[in-house]
A.B. asks: 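Okay, handing you the structure first.
The sequence lines fix the lettering, A, B, ..., with proteins before strands; numbering per chain opens at 1. Side chains are part of it too, since the values below use all heavy atoms of this structure and drop only hydrogens, waters and symmetry mates.
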2 protein chains.
Amino acid sequence: MKTPERTETPEKTTPVGTRERIVRATSRLLQRQGYEGTGIKQISREAEATLGSVYHFFPGGKQELAAEAIRHGDEEFAVLLRAGLGSSADIGEAVVTCTGMLARELRASDWQDGCPISSTALETVGRAPAIEQAVAAAFANWRAIVTEHLVAAGIGAEDARELAGTVVSTLEGAELAAQIARSEEPLLVTGKHLARLLATYR
Amino acid sequence: MKTPERTETPEKTTPVGTRERIVRATSRLLQRQGYEGTGIKQISREAEATLGSVYHFFPGGKQELAAEAIRHGDEEFAVLLRAGLGSSADIGEAVVTCTGMLARELRASDWQDGCPISSTALETVGRAPAIEQAVAAAFANWRAIVTEHLVAAGIGAEDARELAGTVVSTLEGAELAAQIARSEEPLLVTGKHLARLLATYR
DNA sequence: GTCTATAACGAGATAGAC
DNA sequence: GTCTATCTCGTTATAGAC
């Protein structure tokens with residue numbers, strides 16, 4: 001028995017280990033406050049872990065922890081992307097669904113929860129190799145997911161590759177614009193334009 | 001005589017006052033390091049001004065100074081936008097010119113000098129009203145500039161307004177992607193796609 | 001694996017002489 | 001307007017008991 005037995009509501013919340021609590025808290029804080037704006041003490045507080053535990057699991061300190069949190073955000077956004085893009089056989093409609101989902105989540109968080117990694121990505125350009133690598137991997141992952149769906153929709157491989165980059169970039173930019181304007185409009189309009197662009201292929 | 005007479009090379013560099021040196025230094029540092037990553041002491045050092053001078057001109061402290069620096073970055077990017085968009089009668093070509101200019105500057109700075117305000121914008125969402133306002137004004141300014149050129153190119157007013165938002169957002173996203181990938185490709189490809197999108201209007 | 005204490009340093013901001 | 005000294009607080013990181 002490695003975990004304390006909790007007979008009531010065992011399926012509600014799977015007990016999550018300290019390490020994962022730290023990673024999740026870090027991911028959320030980086031999303032909202034960026035890398036420099038987030039302190040390790042705040043992370044340990046929010047994760048309900050002690051400072052000693054944080055350095056126990058991440059001896060590399062803040063950078064190592066941030067890189068792991070970026071990978072967490074990577075997968076989080078990938079899940080949303082796959083859900084949205086798989087929602088319709090029409091790829092244009094699917095992209096519009098994506099922007100709608102992003103807009104809904106953004107409004108629900110009072111425009112706080114944008115892209116989980118963009119702020120940290122911008123802050124660490126050319127200054128934190130471990131983080132930069134995780135960021136680059138995330139973008140590559142998202143592009144690959146979009147490429148796959150574009151190819152499945154009948155777009156040629158090379159066109160699909162290029163378009164996927166534009167789709168991901170444009171979602172990033174639109175999410176930033178929506179946060180700044182505190183409005184869903186930039187995301188929704190951009191979804192419409194992306195669908196229109198995709199419709200010109202084939 | 002308000003300024004010391006310098007008879008030699010008077011046109012080379014117009015002597016710039018302390019206040020402006022501080023604003024310029026802040027703008028550049030915010031662009032590269034973001035808001036939380038930039039210290040006032042570093043600013044005063046880089047601007048060759050004393051800490052006392054910084055607080056003399058900006059009694060509101062870091063927030064007031066950052067807001068002013070955002071306005072500086074606003075105008076800086078607006079100049080580039082106007083130059084690029086005015087470079088051709090064909091609006092698609094003009095947008096491609098813009099992305100080419102951005103790509104060139106980005107590479108020249110070793111992928112450091114992206115959008116002058118996006119990092120600070122992301123970091124301060126919902127946490128620094130004076131900065132948020134300056135950021136929102138900058139985006140509105142850039143959208144207005146693009147809208148004007150789209151209308152001049154014969155696109156209907158409402159379409160132009162929506163497209164301008166997408167153009168600005170997409171440039172933002174593509175610049176981020178280019179910095180991360182350390183490659184001009186995201187910007188150049190995005191320029192091509194934007195031109196293609198614009199060509200479907202009329 | 002968890003906890004507390006603390007070292008070493010830098011941040012934003014202020015005071016007051018000049 | 002400029003300069004220096006300083007206050008107070010928070011930061012990352014480490015040490016070592018439990």
A.B. asks: For R82(A), which of E75(A), E76(A), E148(A) qualifies under salt bridge (Lys or Arg N to Asp or Glu O under 4.0 Å)?
C.D. replies: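 Going through E75(A), E76(A), E148(A) one by one, the salt bridge (Lys or Arg N to Asp or Glu O under 4.0 Å) with R82(A) is satisfied by E75(A) alone.
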A.B. asks: Would you please name every residue forming a salt bridge (charged side-chain N to carboxylate O under 4.0 Å, His left out) with R107(A), sequence neighbours left out?
C.D. replies: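 Only E184(A) meet the salt bridge (charged side-chain N to carboxylate O under 4.0 Å, His left out) criterion with R107(A).
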A.B. asks: Going by the rule salt bridge (charged side-chain N to carboxylate O under 4.0 Å, His left out), which residues pair with R104(B) if we only count those two or more places apart in sequence or in a different chain?
C.D. replies: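 Applying salt bridge (charged side-chain N to carboxylate O under 4.0 Å, His left out) to R104(B) gives none.
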A.B. asks: Determine whether the side chains of T50(A) and S53(A) contain a donor N or O and an acceptor N or O closer than 3.5 Å.
C.D. replies: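 The criterion, which ignores hydrogens and geometry beyond distance, is satisfied for S53(A) and T50(A).
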A.B. asks: Reckon Y55(B) touches a base, only the sugar-phosphate, or nothing at all at heavy-atom distances under 4.0 Å?
C.D. replies: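 Base, at least one base atom sits under 4.0 Å.
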A.B. asks: Any carboxylate oxygen within less than 4.0 angstrom of a Lys/Arg side-chain nitrogen, looking at E162(B) and K192(A)?
C.D. replies: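 Between K192(A) and E162(B) there is a salt bridge, with a charged N closer than 4.0 Å to a carboxylate O.
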A.B. asks: Do the charged groups of E68(A) and R19(A) touch, with an N to O distance under 4.0 Å?
C.D. replies: yes
A.B. asks: Among all residues two or more places apart in sequence or in another chain, which pass the salt bridge (charged side-chain N to carboxylate O under 4.0 Å, His left out) test with E105(B)?
C.D. replies: none
A.B. asks: Please name all residues satisfying salt bridge (charged side-chain N to carboxylate O under 4.0 Å, His left out) with R24(A), sequence neighbours left out, ordered by chain then number.
C.D. replies: E20(A)
A.B. asks: Take nucleotides 3-11 of chain C nucleotide by nucleotide from the 5' end and write B, S or -, depending on whether a protein heavy atom sits under 4.0 Å from the base, only from the sugar-phosphate, or from neither.
C.D. replies: B-------B
A.B. asks: Could you state the atom-to-atom distance from NE2 of H56(A) to P of dA13(D) in whole Å?
C.D. replies: 17 Å
A.B. asks: Which is more 5' along DNA chain D, the nucleotide nearest F57(B) or the one nearest G60(A)? Just name the residue.
C.D. replies: F57(B)
A.B. asks: Taking five pairs at each end of the helix from dG1(C)-dC18(D) to dC18(C)-dG1(D), what angle separates the two helix axes (nearest 10°)?
C.D. replies: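 Inter-axis angle at the ends, rounded: 0°.
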